[in-house]
Amino acid sequence: MDQLTQIIAVLGVFLYWLILGAVATRIVIKRRSIGVSFSWLLIIYFLPFVGVFAYMLFGELHLGKARSSRSKAMYEPYGNWFSTLYSHNSHQPDKQSDYAASISKLCDSQLNIPSLTSNELELQHTPEQILHAIINDINHAKTTINMEFYIWHPGGLADEVAKALISAANRGVKVNLLLDAAGSRQFFKSEWPKAMKKSDINVVQALIVSPIRMFFRRMDLRLHRKIVVIDNHIGYTGSMNLVDPKYFKQGDGVGEWIDMMVRITGPVVPVINTVSAWDWEVETNERLLPAFPDKAQCTDTSSLVQAIPSGPGMPEEVIHQVLLQSLYQAQKKIVITTPYFVPSEQLLDALVTASLRGVEVNIIIPRRNDSTMVKWASSSFFSELLAANVNIYQFNDGLLHTKSVLIDDEHCLIGTVNMDMRSLWLNFELTLAVDDIKFATKLKGLLQTYMDNSDRLSHNEWQKRPMYRRVIEQVFYLFSPLL
């Protein structure tokens, strides 16, 4: 009996080290950034059973067999759709600034999606303005409404949007609503899905979460895009989920969420609609490729826009590369807003280097955050940034959820992407690169109001923080590549 126990013990130890070695080898040969690989190795060796299980669930990008097959089959038809736009009269590369030209070339090679001019953009930055505008456009819809959001939370003006959609469907408008299953779980628990389906609205849960599916698809992969497209003519995207902040997360102690959206008309709207169609087909296997944009009419207020989608099935790191390129090109000033600031090593280096070469670098983040882990991980980067004279502003009037980058007051990136690993490498996201000084000036004014309602962090004061905070920051810094 003792001999059998010893054999079982030896086999157990051998199996233990075999599993750890196999997972560690897998981590190394995946050839990701050193920081990501190091963080996973720390987890599996310090918390072996938890670490191995976590890596199986979250360590690699598993879209699921059915979705992966659909994505591969979709490459050619969607690629052909985008390629056709290179002959559209709104594709005018000669009108691009130096900022836009380099980003456009990057997107040409990575995404095969051209930049398009002749777009009209309206910056909207209050919940009432945004939601009332969406309701008004829904009320005037004639043929189709396609919407997708990470979060739809019932209450307040969000319910008025739901009523407007039902009214549109009842008068014959085709309505498709795609919502992330995890982010919109409160919506799916409400009476709205049933009411919408009674009016023939197609309501679909994206990336359904369940105990069985977690072994076949990465569970923290989320549909993070925010898109509204009406009649293939009017589009919205930006940082705001379909929520009324007065009715959303009131018990979290972070204040109301502060967001921005852009209302768009012009040839880039069908491009955004095609991104939405991609997501719809991946989830439902139903193809809804929109019509090509009409012939464009350029005006004095026209914006040149590059649509940049990212996520599984699309080239890795494309938005990360666009961000880096934008920071490298800055000559005078950078202003960044993001609720979750956990930059990659490359982004951190680009920010520090920009400041050291004389560029004014401003980062605006919320003082209070709804993610404790992100709050501590974010703080771990402050010392290096402050030492390089980067300005860090902590916004006081709620959870600043706007995601934007303004370069030299001339070129900007706006959309759904947070400056963290999850947005840059994992989720389905959408960014617009806007090349228009007039629009950039409006964004500059909005960002200035954010800074006016923020406290600038002092390097001297930051150095006086207690030792226990420094220790906690360093612990979370080690795992920041996974956040």
Contacts of type side chain to side chain donor-acceptor pair (under 3.5 Å), residue Glu256, not counting sequence neighbours: none
Fit a plane to each ring of Trp278 and Tyr78, take the angle between them on a 0 to 90° scale, and name the class: parallel (under 30°), tilted (30 to 60°) or perpendicular (over 60°). perpendicular
Where Ala162 and Met196 come nearest, the two heavy atoms and their spacing: CB-CE, 3.6 Å
So, using side chain to side chain donor-acceptor pair (under 3.5 Å) as the criterion, who are the partners of Lys95 when residues are at least two apart? Gln92
Is it true that a side-chain atom of Arg263 and a backbone atom of Ile134 form a donor plus acceptor pair closer than 3.5 Å? no
Closest approach of Cys107 to Val322 (non-hydrogen atoms, all atoms of both residues): SG-CG2, 4.3 Å
Side-chain donor-acceptor pair under 3.5 Å between Asn427 and Tyr150, yes or no? no
Heavy-atom closest pair (Gly398 atom, Pro366 atom, distance to 0.1 Å) is O-CB, 4.1 Å
For the pair Ser239 (side chain) and Met260 (backbone), establish whether a donor and an acceptor sit closer than 3.5 Å, ignoring hydrogens and angles. yes
Restricting to non-hydrogen atoms, name the atom on Ala433 and the atom on Ile103 that form the minimum distance, rounded to 0.1 Å. CB-CG2, 4.3 Å
Does a salt bridge link Lys163 with Glu160, judged by any charged N lying under 4.0 Å from a carboxylate O? yes
Specify whether Trp152 and Phe187 have parallel, tilted or perpendicular ring planes, treating 30° as the upper limit for parallel and 60° as the lower limit for perpendicular. tilted
Report yes or no: does Arg225 contribute a side-chain atom to a donor-acceptor pair with the main-chain N or O of Glu429 at less than 3.5 Å? yes
How long is the span from the OG atom in Ser326 to the CD1 atom in Ile407, to the nearest 0.5 Å? 5.5 Å
Flag, side chain of His224 to backbone of Thr416, donor-acceptor distance under 3.5 Å: yes
Verify side chain to side chain contact (heavy atoms under 4.5 Å, CB included) between Leu347 and Phe381, making sure each step is shown before the conclusion. CA-CA 11 Å; Leu347 283 172; Phe381 297 97; over 6 Å; no
Can you tell me how far CG of Leu116 sits from CD of Gln306, rounded to the nearest 0.5 angstrom? 8.0 Å
Flag side-chain contact, heavy atom, 4.5 Å: Val203 against Trp192: no
All ring-ring contact (aromatic ring centres under 6.0 Å, His included) counterparts of Tyr247, not counting sequence neighbours: none
Find out whether Asp370 and Trp257 are in side-chain contact, i.e. whether some heavy atom of one side chain is under 4.5 Å from a heavy atom of the other. yes
Is the number of heavy atoms from other residues, nucleotides or ligands under 6.0 Å of Asn139 CG greater than 12? yes
Carefully, step by step, assess Ser115 and Gln96 under the rule side-chain hydrogen bond (donor to acceptor under 3.5 Å, both in side chains). CA-CA 9 Å; Ser115 62; Gln96 295 174 334; 2.5 Å; yes
Is His125 reaching over with its side chain to a backbone N or O of Leu446, donor-acceptor style, under 3.5 angstrom? no
Answer yes or no: is there a side-chain heavy-atom contact under 4.5 Å between Val175 and Ser199? no
Let me confirm one number: the CG-CG distance from Leu177 to Leu242, rounded to the nearest 0.5 Å. 8.0 Å
Between CD1 on residue Ile130 and CD on residue Glu122, distance to nearest 0.5 Å: 10.0 Å
Atom CD in Glu281, atom CD in Glu286: separation rounded to 0.5 Å? 9.0 Å
Mind checking side chain to side chain donor-acceptor pair (under 3.5 Å) for Thr237 and listing every partner two or more places apart, or none if nothing turns up? none
Mark yes or no for whether His153, through its side chain, and Pro245, through its backbone, hold a donor-acceptor pair below 3.5 Å. no
Check whether any side-chain heavy atom of Phe188 sits under 4.5 Å from a side-chain heavy atom of Leu179, and report yes or no. yes
Is a donor on one side and an acceptor on the other found under 3.5 Å between the side chain of Ser87 and the backbone of Thr84? yes
So for atom CD, which belongs to Glu191, do other residues, nucleotides or ligands contribute more than 12 heavy atoms lying within a distance under 6.0 Å? yes
Test side chain to side chain contact (heavy atoms under 4.5 Å, CB included) applied to Tyr99 and Asp408, step by step: CA-CA 10 Å; Tyr99 299 100; Asp408 293 341; 2.4 Å; yes
Quick check: are there more than 12 heavy atoms from other residues, nucleotides or ligands sitting under 6.0 Å from CZ of Arg456? no
Can you find a pair of side-chain heavy atoms, one from Tyr450 and one from Ile258, that are under 4.5 Å apart? yes
Pick one: which of Asn176, Leu165, Ile145 meets side chain to side chain contact (heavy atoms under 4.5 Å, CB included) with Ile201? Leu165
With a 3.5 Å distance limit and no angle check, can you tell me whether Ser184 reaches the backbone of Ala181 through a side-chain donor-acceptor pair? no
State, yes or no, whether a side-chain contact exists between Pro309 and Leu111 at a heavy-atom distance under 4.5 Å. yes
Main chain of Met419, side chain of Thr338: is a donor-acceptor contact present, judged purely on distance under 3.5 Å? yes
Test side chain to side chain contact (heavy atoms under 4.5 Å, CB included) on Met74 and Val282; report intermediate values, then the result. CA-CA 9 Å; Met74 290 158 56; Val282 166; 3.7 Å; yes
Just by modelled atom types, is the Val229 backbone N or O under 3.5 Å from a matching donor or acceptor in the Asn146 side chain? no
dist Leu430:CG -> Asp279:CG (nearest 0.5 Å) comes out at 9.5 Å
Does the pair Val335 and Lys444 meet the rule for a side chain to side chain contact (heavy atoms under 4.5 Å, CB included), with working shown? CA-CA 9 Å; Val335 185; Lys444 175 186 176 182; over 6 Å; no
Close side-chain approach of Gln329 and Gln325, heavy atoms under 4.5 Å: yes
SB check Lys142 Asp231 (cutoff 4.0 Å): no
Can you tell me if Glu473 and Ser379 form a side-chain donor-acceptor pair at under 3.5 Å? no
Can you list the residues that meet the side-chain contact (heavy atoms from CB on, under 4.5 Å) rule with Ser303, with sequence neighbours excluded? Leu121, Val305, Val434, Asp436, Phe439
Does a side-chain heavy-atom distance below 4.5 Å link Trp462 with Ile392? no
Where Pro339 and Leu400 come nearest, the two heavy atoms and their spacing: CB-O, 3.2 Å
Tell me the closest heavy-atom pair linking Asp420 and Tyr340, and the distance in Å. OD2-CB, 3.7 Å
Going by atom types alone, do His320 and Ser344 pair a side-chain donor with an acceptor below 3.5 Å? yes
Only counting residues at least two apart or in another chain, list the ones meeting side chain to side chain donor-acceptor pair (under 3.5 Å) with Arg368. none
Do the side chains of Lys246 and Glu128 get close enough for a salt bridge, i.e. N-O under 4.0 angstrom? yes
